[in-house]
Student: 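I have a structure I would like to understand better, so I am pasting it below and will then ask my questions one at a time.
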There are 2 protein chains.
Amino acid sequence: MTTIKDIAKVAGVSTATVSRVVNNGPKVGPKTRDKIIQIMHELGYTPNANARALVTRKSKTIGVVIPEISDPFFASLATGVEQVARETSNQLLLSTGKISAQTELEAIQLLIEQRCDIIIAHSKLIADDTLVELCQQIPGFVLIDRHIEAVKDKCIWLDNIEGGRIAARHLLSLGHQQLAVINSHYEIEDPYLRLQGFREEVEHSGIEASNEPLIVKHEPSLRGGELAAQALIASGKPFSAIFAYNDAMAIGAISVLEANGYRVPQDVSVLGFDDVMLSQYSRPKLTTLRYPIQQMAKHAAQLARAMALGQPLSTAASQSYVPELIQRDSVKPLPSSS
Amino acid sequence: MTTIKDIAKVAGVSTATVSRVVNNGPKVGPKTRDKIIQIMHELGYTPNANARALVTRKSKTIGVVIPEISDPFFASLATGVEQVARETSNQLLLSTGKISAQTELEAIQLLIEQRCDIIIAHSKLIADDTLVELCQQIPGFVLIDRHIEAVKDKCIWLDNIEGGRIAARHLLSLGHQQLAVINSHYEIEDPYLRLQGFREEVEHSGIEASNEPLIVKHEPSLRGGELAAQALIASGKPFSAIFAYNDAMAIGAISVLEANGYRVPQDVSVLGFDDVMLSQYSRPKLTTLRYPIQQMAKHAAQLARAMALGQPLSTAASQSYVPELIQRDSVKPLPSSS
DNA sequence: CAACTTGGGTTAAACGTTTAACCCATTAAA
DNA sequence: TTTAATGGGTTAAACGTTTAACCCAAGTTG
């Protein structure tokens with residue numbers, strides 16, 4: 001590949017001068033500039049980002065760690081980060097680590113090796129201590145979807161408890177009393193917190209103790225939702241509304257419900273979570289709680305950038321987000337017949 | 001950040017020795033090795049990938065260019081590439097360029113600056129010549145979803161014409177005669193080629209000339225599908241089966257059809273294209289043509305890697321893929337009443 | 001006219017690695 | 001005992017940039 005030296009030789013100038021025209025620097029006359037540009041084109045020169053990063057100690061790349069690309073939720077996350085990358089003319093380095101704390105850590109490690117100035121990590125599995133250390137070591141390191149009190153100004157997260165509360169309040173306000181929850185079976189915080197908020201609100205509402213919510217756990221996927229709904233039906237217990245862990249589970253549940261003669265929302269209401277694009281495509285269109293992940297990701301990236309630059313972020317936006325109820329067609333009031 | 005020099009100083013050895021333990025090289029005794037590893041941990045050393053790339057002239061990163069991350073189709077593409085990246089312990093650098101030939105080219109340029117050994121580009125807008133040039137300049141450069149005869153051994157593409165034929169054959173074989181096509185309105189090859197194949201087969205089948213397929217174009221999205229279906233209905237012309245440009249359009253069309261009293265598939269059959277995850281989630285589950293994009297992306301990445309390494313790919317797999325008919329519930333035979 | 005400034009450069013060090021070319025003890029083989 | 005091989009290192013150049021520190025000629029000022 002052509003280097004700056006080749007150009008310099010041909011143009012009969014020093015590499016410093018060539019470097020200056022590449023970077024639109026000062027100290028080079030218009031004549032020389034034109035000549036060099038000309039030669040650069042002829043020789044098909046492309047600057048070497050590695051050499052640059054090495055000497056300037058900044059890589060112009062922003063790294064993202066997510067479990068996987070195909071999940072639309074994480075794709076939204078990446079898109080949010082990509083937007084700020086574009087705005088700040090940075091590159092996007094994407095690292096995935098889905099399986100274990102080990103692979104998540106490796107994914108982060110790779111980004112550090114690349115000397116990303118900015119890193120947005122979505123990690124559910126790595127231990128708090130490790131993450132705290134990373135936050136402290138690397139200025140531009142920010143956590144998304146996770147709340148660690150010790151480094152909370154480097155976290156952007158969703159208030160899952162409040163999410164659970166909002167869900168419960170909505171269902172209760174429509175008269176539903178026989179509630180069911182289809183939760184994720186993963187041992188991470190989110191399902192627990194949502195359930196906690198949900199229960200809190202249910203108890204709060206003075207519903208009869210005998211009517212404690214039915215709870216069933218499965219993999220947070222379409223298939224998991226189907227299985228969960230089957231379990232719910234098989235239990236023989238009555239329910240008029242379901243709060244699902246995410247939209248995929250909600251949609252899976254709906255299809256099993258309908259296959260079993262329940263109409264949604266006439267017989268059973270189903271409330272989703274996340275508001276991925278899917279939920280608009282499903283029929284009935286899904287009522288759900290919007291997880292503003294893309295916006296959060298943008299925020300995270302901006303925060304990380306500010307941290308990396310050492311400038312505190314001016315916008316005083318809260319780092320904790322509250323999901324928003326999106327009313328579509330899968331949740332309806334309980335017929336007042338009872 | 002700690003460098004190899006710091007380690008060397010503390011350990012009282014040369015940087016060469018440290019470098020060797022970092023890379024599991026030979027020529028270092030077990031005692032020294034252990035000591036150095038120990039020190040590396042204490043000082044929290046992380047190798048600098050940029051410096052490495054500079055001197056070895058290989059970056060261990062594989063670049064992908066796609067229009068956007070959020071589209072599930074492109075997310076699948078990226079996932080395919082990511083799989084090979086993981087298998088070959090490479091990094092994934094993702095560059096998006098959606099709007100114009102200009103931005104697509106910029107996205108590629110960025111990857112070249114990073115000196116990616118391997119680049120998989122999805123480009124619909126850049127002119128043939130430019131791409132041919134890139135293919136020739138960069139050994140590990142491969143095109144996906146595009147077929148340029150001059151560099152066809154660096155292309156992986158779908159046979160769109162055959163896709164159109166398969167669609168037509170399937171619909172015709174079920175007795176449908178009054179056909180409609182909902183196509184993408186973008187001025188790229190794919191919609192034309194599919195339509196071409198579709199028409200070919202229709203003419204071939206000796207259907208009456210008066211029954212030429214109804215054609216309507218819109219943006220290839222859910223919304224576009226809705227609008228297209230409306231246009232179809234408004235035209236007043238009869239149709240019993242629709243071939244949609246992609247699954248999103250198909251689903252949009254279905255919702256409008258049902259809203260207008262048509263039942264799918266009893267009154268109208270709808271055939272999608274792509275088989276994104278969506279199509280399993282929709283109801284009725286979508287009959288569609290599978291675009292094996294993830295597999296193609298894997299293939300492209302392997303091909304690119306082989307090219308970069310100068311080893312011709314051993315597997316003699318064809319570089320052109322044919323979509324596969326996935327039968328679900330949105331297409332049914334025409335009731336033989338007529 | 002001496003003393004500055006300014007425009008347009010050049011020189012050379014530095015960034016953090018890798019690696020070819022050496023070097024020096026030991027030990028083994030002839 | 002000489003020669004050869006082997007293990008365990010060191011030295012120093014190179015990768016492609018950027019940038020601080022110089023340098024010089026041609027104006028400008030006072």
Side-chain angles (χ1 to χ4, degrees), chain A residues 1-37 39-40 43-61 89 91 109-117 138, chain B residues 1-37 39-40 43-61 89 91 109-117 138:
Chain A
M1 287 231 115
T2 338
T3 76
I4 222 172
K5 281 183 193 165
D6 302 327
I7 312 272
K9 200 168 294 169
V10 176
V13 299
S14 73
T15 61
T17 305
V18 179
S19 172
R20 289 206 184 92
V21 359
V22 173
N23 300 291
N24 291 308
K27 301 192 174 205
V28 25
K31 232 183 105 165
T32 337
R33 189 177 296 268
D34 288 351
K35 183 172 169 192
I36 292 179
I37 291 181
I39 297 178
M40 274 171 32
L43 272 59
Y45 170 73
T46 315
N48 183 320
N50 289 304
R52 263 189 190 173
L54 188 57
V55 53
T56 61
R57 285 127 165 290
K58 46 192 68 221
S59 65
K60 297 239 90 191
T61 58
S89 59
Q91 277 283 80
Q109 204 61 38
L110 285 173
L111 298 181
I112 300 180
E113 284 185 13
Q114 300 291 337
R115 297 294 187 272
C116 291
D117 314 307
I138 303 163
Chain B
M1 286 230 118
T2 337
T3 77
I4 223 175
K5 283 184 192 164
D6 303 327
I7 313 272
K9 200 168 292 171
V10 176
V13 299
S14 72
T15 60
T17 305
V18 179
S19 171
R20 290 208 184 90
V21 358
V22 172
N23 300 292
N24 291 308
K27 302 194 172 201
V28 27
K31 233 183 102 163
T32 338
R33 189 179 296 269
D34 289 351
K35 183 172 167 192
I36 291 178
I37 292 181
I39 297 178
M40 271 171 35
L43 272 59
Y45 170 72
T46 315
N48 183 321
N50 289 304
R52 265 189 188 173
L54 187 57
V55 55
T56 62
R57 286 129 162 281
K58 44 193 68 221
S59 66
K60 298 239 90 192
T61 58
S89 59
Q91 278 281 81
Q109 205 59 40
L110 286 173
L111 298 181
I112 299 179
E113 285 185 13
Q114 300 291 336
R115 297 296 187 270
C116 291
D117 315 307
I138 302 163

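So you know, we letter chains A, B, ... as the sequences are listed, proteins then strands, and number each from 1.
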Student: Please name all residues satisfying side-chain contact (heavy atoms from CB on, under 4.5 Å) with A:T46, sequence neighbours left out, ordered by chain then number.
Tutor: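 side-chain contact (heavy atoms from CB on, under 4.5 Å) list for A:T46, sorted by chain: B:Q109, B:I112, B:E113, B:R115.
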
Student: Once you round it to whole Å, what is the distance between C1' of D:dG9 and CD1 of B:I36?
Tutor: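 From B:I36 CD1 to D:dG9 C1': 10 Å.
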
Student: Identify, with sequence neighbours excluded, every residue that meets side-chain hydrogen bond (donor to acceptor under 3.5 Å, both in side chains) alongside A:S14.
Tutor: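 For A:S14, the residues satisfying side-chain hydrogen bond (donor to acceptor under 3.5 Å, both in side chains) (neighbours in sequence not counted) are A:T17.
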
Student: For A:L54, enumerate each residue passing the side-chain contact (heavy atoms from CB on, under 4.5 Å) test, keeping only those at least two apart in sequence or located in another chain.
Tutor: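 B:N48, B:A51, B:L54.
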
Student: Going 5' to 3' through nucleotides 16-25 of chain C, assign each nucleotide B (protein heavy atom under 4.0 Å from a base atom), S (under 4.0 Å only from sugar-phosphate atoms) or - (no protein heavy atom that close).
Tutor: BBBBBBB---

Student: Pairs under 3.5 angstrom only: tabulate donor-acceptor contacts from the side chains of residues 22-29 of chain B to other protein residues two or more places apart or in another chain.
Tutor:
residue: B:N23; atom: ND2; partner: B:S19; partner atom: O; Å: 2.8
residue: B:N23; atom: ND2; partner: B:S19; partner atom: OG; Å: 3.4

Student: According to side-chain contact (heavy atoms from CB on, under 4.5 Å), who are the partners of B:K58, at least two apart in sequence or on a separate chain?
Tutor: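 Here the qualifying residues are B:T56, B:D117.
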
Student: Rounded to whole angstrom units, what separation is found between the NZ atom of B:K9 and the P atom of D:dT10?
Tutor: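 Distance, rounded to whole Å: 15 Å.
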
